[in-house]
**Student:** 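This is the structure I have questions about; it appears just below.
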Amino acid sequence: MFGRGEAYIGVMIDDLVTKGAREPYRMFTSRAEYRLLLREDNADLRLSETGHRVGLLPPERYSAYCDKRKGLSSLLSSLEAARVSAGHPLERAVGEAGGAPVRPGITYAELLRRPEVTAAMVVASDPALSRFSPEVIDQAELIVKFDGYIRRQEEEAKKLSKYEEMKFPGDFPFETVYGLSAEVRDKLVRVRPASIGHARRIPGVTPAAVALLLVVLKKGWETPTAGG
């Protein structure tokens, strides 16, 4: 089954199984806490392996996916390794785009993280990169520009998955955990979730609240409690 950080259908199934539905379910993007990972541009990269494994992806589509994945990996490596030398065409291109002066030695990837620099500018300045398809170039640009945000969500998804089964003691004091909103505290006291995974599926319990509960639970729920 797909996880919440792998596909919107994973979010939908998890919501319906764990939260139920008293009215028609609507799949809003806001229901997915890792929606930065669930972009339409990377659907093939997220789902093709699973489709191939269960026999739903035609061989030619899987071959195209493998080619794209290899090309993307190669292009990202090139962007991280290649550096701008003195007099490089990128210096003029960035200047014409209104960017700050380019210091020699900066990598293509570092330069691409600037808002005024595009992948098209980088590729046009280096003929060696013209072998990559427009699809691969566009994908690489998104990955490089949003790398920090993407990595953060991937780490959060892995962390929550790791602690999904962490149990709350029967006498865990949800009512006194400092930092929770009154609404979240009321829901936790009423439901009394058995685990971190159970808590994060309660409607209205935010990812920030779950993160706080995890910190409190790992510390033995003594330090961050009211009056503690």
**Student:** Over all heavy atoms of both residues, which pair between V122 and L79 is shortest? Give the atoms and the distance, please.
**Tutor:** CG1-CD2, 4.0 Å
**Student:** Counting only N and O atoms by type, is there a donor-acceptor contact under 3.5 Å from the side chain of E141 to the main-chain atoms of I137?
**Tutor:** no
**Student:** Run through the side-chain heavy atoms of Ile, Leu, Val, Met, Phe, Trp and Tyr, join any pair under 4.5 Å, and report what else lands in V54's cluster.
**Tutor:** L56
**Student:** Please say yes or no: joined through hydrophobic side-chain contacts below 4.5 Å, possibly via intermediate residues, are L36 and V144 part of one cluster?
**Tutor:** no
**Student:** How far does CG of L180 sit from NZ of K187, to the nearest 0.5 angstrom?
**Tutor:** 12.5 Å
**Student:** What pairs of residues pass the ring-ring contact (aromatic ring centres under 6.0 Å, His included) test when at least one of them lies in residues 195-216, not counting sequence neighbours?
**Tutor:** none
**Student:** Of all residues at least two apart in sequence or in a different chain, which pass the side chain to side chain donor-acceptor pair (under 3.5 Å) check with D186?
**Tutor:** R190
**Student:** Would the distance check show the side chain of S73 and the main-chain N or O of K70 forming a donor-acceptor pair, the cut-off being under 3.5 Å?
**Tutor:** no
**Student:** Can you sort out the partners of Y149 under side chain to side chain donor-acceptor pair (under 3.5 Å), two or more places apart, ordered by chain and number?
**Tutor:** none
**Student:** Applying ring-ring contact (aromatic ring centres under 6.0 Å, His included) as the test, list every pair that has at least one member in residues 80-130; sequence neighbours left out.
**Tutor:** H88-Y108
**Student:** Please report the interatomic distance CG(D14) to CD1(I9), rounded to the nearest 0.5 Å.
**Tutor:** 12.5 Å
**Student:** Compile the donor-acceptor pairs under 3.5 Å between side chains in residues 109-120 and protein atoms, sequence neighbours left out, one pair per line.
**Tutor:**
unit_1	atom_1	unit_2	atom_2	d
E110	OE1	T107	N	2.9
E110	OE1	T107	OG1	3.2
R113	NH2	E80	OE2	3.3
R114	NH1	A100	O	2.8
R114	NH2	P101	O	3.4
T118	OG1	M121	N	3.2

**Student:** Would you list the pairs meeting ring-ring contact (aromatic ring centres under 6.0 Å, His included) in which at least one residue belongs to residues 110-147, sequence neighbours left out?
**Tutor:** none
**Student:** Could you walk me through whether L90 and I106 satisfy the side-chain contact (heavy atoms from CB on, under 4.5 Å) test, starting with their C-alpha distance in whole Å, then the side-chain angles of each, then the deciding distance to 0.1 Å, before giving a yes or no?
**Tutor:** CA-CA 11 Å; L90 269 173; I106 190 173; over 6 Å; no
**Student:** One pair to check against side-chain contact (heavy atoms from CB on, under 4.5 Å): Y65 and L45. What are the steps and the verdict?
**Tutor:** CA-CA 7 Å; Y65 152 73; L45 298 176; 4.0 Å; yes
**Student:** Please lay out, stage by stage, how T50 and R53 fare under the test side-chain contact (heavy atoms from CB on, under 4.5 Å).
**Tutor:** CA-CA 5 Å; T50 301; R53 188 171 64 249; 3.7 Å; yes
**Student:** Show the nearest heavy-atom pair for residues G204 and V184, with the distance to one decimal.
**Tutor:** O-CG2, 3.6 Å
**Student:** Taking only residues two or more places apart in sequence, or in another chain, which ones meet F174 in a ring-ring contact (aromatic ring centres under 6.0 Å, His included)?
**Tutor:** F168, F172
**Student:** Starting at CG of L214, measure out to OH of Y163 and round the result to the nearest 0.5 Å.
**Tutor:** 6.5 Å
**Student:** Under 4.5 Å between any side-chain heavy atoms of V136 and K68, yes or no?
**Tutor:** yes
**Student:** Say whether L142 and L129 are linked into one hydrophobic cluster, either directly or through other cluster members, by side-chain heavy-atom distances under 4.5 angstrom.
**Tutor:** no
**Student:** Test of understanding: with side chain to side chain donor-acceptor pair (under 3.5 Å), list the residues that count as partners of R151, not counting sequence neighbours.
**Tutor:** D147
**Student:** For residues 57-64, please give each side-chain donor-acceptor pair under 3.5 Å, one per line with the distance, not counting sequence neighbours.
**Tutor:**
unit_1	atom_1	unit_2	atom_2	d
Y62	OH	E49	OE1	3.2
Y62	OH	E49	OE2	3.3

**Student:** With N42, which residues qualify under side chain to side chain donor-acceptor pair (under 3.5 Å), at least two apart?
**Tutor:** R46
**Student:** Do F28 and V11 sit in one hydrophobic cluster, given that two such residues count as connected whenever their side-chain heavy atoms are within less than 4.5 Å of each other, even indirectly?
**Tutor:** no
**Student:** With sequence neighbours left out, write down each residue that passes salt bridge (charged side-chain N to carboxylate O under 4.0 Å, His left out) with D41, or none if nothing qualifies.
**Tutor:** R39
**Student:** Quick one, Y8 with R31, criterion side-chain contact (heavy atoms from CB on, under 4.5 Å). Give me CA distance, side-chain angles, the key distance, then yes/no.
**Tutor:** CA-CA 9 Å; Y8 278 109; R31 293 184 186 273; over 6 Å; no
**Student:** Kindly compute the distance separating CZ (R131) from OG (S78), expressed to the nearest 0.5 Å.
**Tutor:** 5.5 Å
**Student:** Take R69 and D44 through the salt bridge (Lys or Arg N to Asp or Glu O under 4.0 Å) test and state the conclusion after the steps.
**Tutor:** CA-CA 10 Å; R69 185 182 60 186; D44 55 343; over 6 Å; no
**Student:** Work out which heavy atom in Y34 is nearest to a heavy atom in G5; give both atom names and the distance.
**Tutor:** CD1-CA, 3.9 Å
**Student:** Between A7 and L38, which heavy-atom pair has the shortest distance, and what is it?
**Tutor:** N-CD2, 3.5 Å
**Student:** Heavy atoms only: give me the nearest E154-L37 pair and the separation to one decimal.
**Tutor:** CG-CD2, 3.6 Å
**Student:** Quick one: OG on S195 to CZ on R201, what's the gap to the nearest 0.5 Å?
**Tutor:** 7.5 Å
**Student:** Using a cut-off of 6.0 Å, state whether more than 12 heavy atoms not belonging to L16 lie near its atom CG.
**Tutor:** yes
**Student:** Taking all atoms of both residues into account, what is the closest heavy-atom pair of A199 and L213, and its distance?
**Tutor:** CB-CD1, 4.3 Å
**Student:** Rounded to the nearest 0.5 Å, what separates atom CD1 in I143 from atom CD1 in I150?
**Tutor:** 6.5 Å
